[in-house]
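Data first, discussion second: the structure below is written as structure tokens.
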2 protein chains.
Amino acid sequence: MSELGHEVLAAVLQVRSRSLQVLLWRRAREPQVGRWSLPGGQLGATEDIEASVRRQLAEKVDVRQLSHVEQLAVFSAPDRVPGDRVIASTFLALVRSDNDPVIPDDTSWFPIDALPDTAFDHQAVVLRARDRLRSKLSYTNVGFALAAPEFTVSALRDVYSAALGYRVSATNLQRVLSRRGQLEPTGETVPPGPSGGRPAALFRFARASIQITDPFAVFRPPATTPPPAPPSPPTESASRA
Amino acid sequence: MSELGHEVLAAVLQVRSRSLQVLLWRRAREPQVGRWSLPGGQLGATEDIEASVRRQLAEKVDVRQLSHVEQLAVFSAPDRVPGDRVIASTFLALVRSDNDPVIPDDTSWFPIDALPDTAFDHQAVVLRARDRLRSKLSYTNVGFALAAPEFTVSALRDVYSAALGYRVSATNLQRVLSRRGQLEPTGETVPPGPSGGRPAALFRFARASIQITDPFAVFRPPATTPPPAPPSPPTESASRA
DNA sequence: ACAAAAGTGTTGAGATTACACCCATGT
DNA sequence: ACATGGGTGTAATCTCAACACTTTTGT
């Protein structure tokens with residue numbers, strides 16, 4: 001019977017310099033010396049996997065300000081790494097764009113569209129993290145985990161554009177998020193830049209934990225609140241006695 | 001150092017008797033004798049976790065016709081089961097409603113809204129499976145994995161109603177699925193029942209593997225097809241040289 | 001004829017995009 | 001004044017829910 005290990009791996013994503021980037025760590029040893037891998041490590045005996053990710057990120061790359069962490073998937077191909085078998089539980093972890101954690105020399109941020117040579121199956125993990133983030137930006141409030149605590153709409157647009165990989169309109173972004181109750185004006189404004197322009201209002205996210213804001217694409221359950229008392233239809237025995 | 005095991009667990013769901021049901025297995029041994037648990041077992045040395053689920057379901061409960069299988073989440077609390085630590089990779093597995101697999105005496109189907117006493121953290125797995133299925137019915141074509149290969153729209157409505165837990169309108173169900181290209185008429189019809197009525201047309205799903213049919217709730221990427229030649233994108237060096 | 005079930009037509013409400021236009025500030 | 005963002009108004013489009021109405025069959 002061979003040994004079976006369990007590791008956790010995190011794709012730590014952040015919007016930096018207007019691009020979505022991932023934190024990678026350069027392997028110093030065989031196998032695959034010089035390739036870039038995701039931070040993580042062996043699961044400890046007394047921690048669950050999420051605690052393990054947080055611990056490893058804090059210890060190994062000194063990243064402590066994770067605004068959001070969620071499970072991605074398990075990678076379990078028997079030969080996914082050489083030697084003893086290791087199963088990987090993978091995570092999506094987000095860092096707000098106002099943070100700039102001090103990271104070790106052998107780690108670096110890479111734009112997710114220009115990854116270097118990655119180790120093992122780590123590229124698949126990164127792509128999965130990216131896709132998950134992009135989907136969730138559409139139907140949840142994860143934006144809070146990417147943006148600074150307070151921001152102008154155009155700063156937020158830049159964050160969304162970087163994360164989604166295509167231009168987003170500030171006008172419509174503001175309207176959608178407002179309608180969903182995600183945005184709150186702080187009441188303050190920031191002065192315009194050197195080239196002029198109207199001062200921008202500051203906003204914040206209404207909630208700082210993930211929530212599904214757009215739950216049903218279709219097949220919505222029958223409305224219960226809005227129609228208080230539609231005129232009693234033909235023969236239907238209504239709910240009221 | 002304590003032992004570390006890895007098991008796989010599956011919430012096998014099927015629409016039976018117009019209700020969404022899950023396959024459970026009655027524990028014959030301590031701990032938690034008599035409680036009901038999810039089928040599954042220890043991960044084998046040479047298989048990945050999905051292969052393991054399929055194997056265990058085939059061997060232990062004789063369920064082989066899985067129309068869809070996907071990972072749910074890892075349950076890793078150190079004390080989730082007594083004794084040596086065991087990490088569980090959990091799955092959602094679906095069986096089409098036209099199947100009726102022969103199952104062992106100590107297993108049984110339970111409506112998901114009336115679960116018996118469940119073992120360990122298995123109830124959480126079942127609920128997660130249910131929620132995942134309900135979400136995916138809205139934005140993917142998973143319906144194919146619940147319905148029979150050919151069906152009338154009202155049969156399909158019953159399947160969707162059971163899975164979602166609320167009445168669905170056959171009229172609108174047909175329209176939505178048709179618009180998305182999920183439904184194909186077979187050209188055949190079935191005769192009406194004893195009480196009369198117009199004969200119903202038979203349909204099938206256009207694809208028998210899962211696909212996202214309603215990808216973007218909002219923040220859709222800029223339309224690429226309609227506007228023939230939008231002005232060349234800004235200054236970004238694109239992927240194309 | 002009448003009832004029952006299937007399927008189509010049509011209207012109305014909401015959400016979202018696109019775009020024109022106004023606002024506040026620097027030069 | 002004019003240029004430069006920021007922000008609001010508004011129309012066109014699309015999707016979906018609701019419901020009336022037609023179609024096809026059994027009794």
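Residue numbering restarts at 1 for every chain, and letters A, B, ... go by the order of the sequence lines. Atoms considered below: every heavy atom in the structure, side chains included; atoms not considered: hydrogens, waters and symmetry mates.
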Just jot down the side chain to side chain contact (heavy atoms under 4.5 Å, CB included) partners of B/Ser19, sequence neighbours excluded, or say none.
B/Gln21, B/Pro111
Under the side-chain hydrogen bond (donor to acceptor under 3.5 Å, both in side chains) test, residues paired with A/Gln123 that sit two or more places apart:
none
Test of understanding: with side-chain hydrogen bond (donor to acceptor under 3.5 Å, both in side chains), list the residues that count as partners of A/Arg207, not counting sequence neighbours.
A/Gln211
Rounded to whole angstrom units, what separation is found between the CG atom of A/Leu173 and the C1' atom of D/dG5?
16 Å
Taking the side chain from A/Thr90 and the backbone from A/Ala73, do they hold a donor-acceptor pair closer than 3.5 Å?
yes
Rounded to whole Å, CG of B/Asp214 lies from P of C/dT16 at a distance of 12 Å
List the atom pairs, with distances to 0.1 Å, where a side-chain N or O of residues 93-102 of chain B and a protein N or O form a donor-acceptor pair under 3.5 Å, not counting sequence neighbours.
unit_1: B/Arg96; atom_1: NE; unit_2: B/Asp98; atom_2: OD1; d: 3.1
unit_1: B/Arg96; atom_1: NH2; unit_2: B/Asp98; atom_2: OD2; d: 3.4
unit_1: B/Ser97; atom_1: OG; unit_2: B/Leu146; atom_2: O; d: 3.2
unit_1: B/Asp100; atom_1: OD1; unit_2: B/Arg16; atom_2: NH1; d: 3.2
unit_1: B/Asp100; atom_1: OD1; unit_2: B/Arg16; atom_2: NH2; d: 3.1

Round to the nearest Å and state the distance from A/Gln182 atom CD to C/dT16 atom P.
11 Å
Treating primed atoms plus P, OP1 and OP2 as sugar-phosphate and everything else as base, which nucleotides of nucleotides 19-25 of chain C get B, S or - for protein heavy atoms under 4.0 Å?
B---BBB
Pick the closest DNA chain C nucleotide for A/Gly193 and for B/Thr152 by heavy atoms, then say which residue is nearer the 5' end.
B/Thr152
Can you check the B/Gln174 CD to C/dA5 C1' distance for me, whole Å?
14 Å
Can you list every pair that meets salt bridge (charged side-chain N to carboxylate O under 4.0 Å, His left out) and has a residue in residues 191-200 of chain B, with sequence neighbours left out?
none
Is B/Ser37 reaching over with its side chain to a backbone N or O of B/Trp25, donor-acceptor style, under 3.5 angstrom?
yes
Rounded interatomic separation in angstrom, taking CG from B/Leu156 and C1' from C/dG7:
15 Å
When pairs are called at under 3.5 Å and a stem needs at least three consecutive Watson-Crick or G-U pairs, the stems of DNA chain C are C:1-27 with D:1-27
Sugar-phosphate, base or nothing in reach of A/Ala170, heavy atoms under 4.0 Å:
nothing
By nearest heavy atom, map A/Pro194 and A/Ser169 onto DNA chain C; which one lands nearer the 5' end?
A/Ser169
In whole Å, what is the span from the CG atom of B/Leu183 to the P atom of C/dT8?
12 Å
Rounded to the nearest Å, what distance is computed from the OH atom of residue B/Tyr160 to the P atom of nucleotide D/dA17?
13 Å
Got a sec, which residues hit side chain to side chain contact (heavy atoms under 4.5 Å, CB included) with B/Ala124, two or more places apart in sequence or on another chain?
B/Phe75
Restricting to nitrogen or oxygen on both sides, can you table the protein-nucleotides 11-14 of chain D pairs closer than 3.5 Å?
none

Sorted by chain and number, sequence neighbours left out, side chain to side chain contact (heavy atoms under 4.5 Å, CB included) with B/Asp48 holds for A/Ser76, A/Pro78, B/Glu50, B/Ala51
Distance, rounded to the nearest Å, where B/Leu202 contributes CG and C/dG7 contributes P
9 Å
Without placing hydrogens or testing angles, list every side-chain donor-acceptor pair under 3.5 Å for residues 147-154 of chain A, not counting sequence neighbours.
unit_1: A/Thr152; atom_1: OG1; unit_2: A/Ala155; atom_2: N; d: 3.1

Determine the contact category for B/Pro191: base if any of its heavy atoms lies under 4.0 Å from a base atom, sugar-phosphate if only primed atoms, P, OP1 or OP2 are that close, otherwise nothing.
nothing
Can you confirm whether B/Arg64 is buried at CZ, in the sense that more than 12 heavy atoms of other residues, nucleotides or ligands lie under 6.0 Å from that atom?
yes
Tell me whether the OP1 or OP2 atom of D/dG5 has a side-chain N or O from A/Arg157 closer than 4.0 Å.
no
Applying side-chain hydrogen bond (donor to acceptor under 3.5 Å, both in side chains) to B/Thr213 and not counting sequence neighbours gives B/Gln182
